[in-house]
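Here the structure comes first, spelled out in structure tokens, and everything after it is commentary.
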Amino acid sequence: MSLERTLTIIKPDGVEQGNVGDIIQIFEKNQFKIRAAKMLHLTGAAAGGFYAVHRERPFYSDLVRYMSSGPVLVLVLEAENAVSRLRDLMGATDPKKASEGTIRKRFATSIEKNVIHGSDSEENAKTEIGYFFNALELV
Ligand code: CMP
């Protein structure tokens, strides 16, 4: 077991539908500690930079438009095995394929509007945390 940090984003659909409180409660009930949080309305450039790894994918421009369509809540979570445990709690990218009880199964409406992002590796978590937070903003 190792204490890890991961980056999560409650996406525009989650904020707009009023699911922020429920999702944070899921984090806390599952022993994740919140180490940083900020609400942002991403520009297209900021959303595009964050998802640059997907820029060749057919869904990239729609994804950037969606992620900059309204406010998001960006958080750093800390827990034992935070990266994989958060991804288990989130469920599959496509909510139709997500297991019962997962965040995406409960709250997401489509493969694009899938309510939450979570880092997919510890290395990417470090990069993604650095994209949104400086050292002074991490507790
Ligand atoms: P996320 O886990 O944040 O990582 C990339 C995002 O791209 C993903 O969640 C979805 O919001 C979106 N995405 C992934 N695959 C598709 C797809 N096939 N069609 C549309 N959007 C997608």
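In each ligand, atom 1 is the first atom listed, and ligand 1 is the first ligand listed. Just so it is clear, the model here is predicted, and its values are computed rather than measured. In what follows, every heavy atom counts, from backbone to side chain, and hydrogens, waters and symmetry copies are set aside.
A salt bridge links Glu78 with Arg5: the closest approach of a Lys/Arg side-chain nitrogen to an acidic carboxylate oxygen falls below 4.0 angstrom. For Glu137 and Lys38, the salt-bridge test passes: some basic side-chain N is under 4.0 Å from an acidic carboxylate O.
Annotation: cation-pi geometry not satisfied between Lys11 and Tyr66 (NZ/CZ under 6.0 angstrom from ring centroid, within 45° of ring axis).
Residues satisfying the salt bridge (Lys or Arg N to Asp or Glu O under 4.0 Å) criterion with Arg65, sequence neighbours excluded, are Asp62. Lys105 is linked by a salt bridge (Lys or Arg N to Asp or Glu O under 4.0 Å) to Glu100, counting only residues two or more places apart in sequence or in another chain.
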In a table with atom names and distances, give each donor-acceptor pair under 3.5 Å that connects a side chain of residues 22-32 to protein atoms at least two apart or in another chain.
| residue | atom | partner | partner atom | Å |
| --- | --- | --- | --- | --- |
| Asn30 | ND2 | Ile26 | O | 2.8 |
| Gln31 | NE2 | Lys29 | O | 3.2 |

Pairwise, report which nitrogen or oxygen atoms of ligand 1 are under 3.5 angstrom from protein nitrogen or oxygen atoms, and how far apart they are.
| residue | atom | partner | partner atom | Å |
| --- | --- | --- | --- | --- |
| ligand 1 | 2 (O) | Arg104 | NH2 | 3.2 |
| ligand 1 | 3 (O) | Lys11 | NZ | 2.8 |
| ligand 1 | 3 (O) | Tyr51 | OH | 2.6 |
| ligand 1 | 3 (O) | His117 | ND1 | 2.9 |
| ligand 1 | 9 (O) | Lys11 | NZ | 3.0 |
| ligand 1 | 9 (O) | Asn114 | ND2 | 3.1 |
| ligand 1 | 11 (O) | Lys11 | NZ | 3.0 |
| ligand 1 | 11 (O) | Glu112 | O | 2.9 |
| ligand 1 | 11 (O) | Asn114 | OD1 | 3.3 |

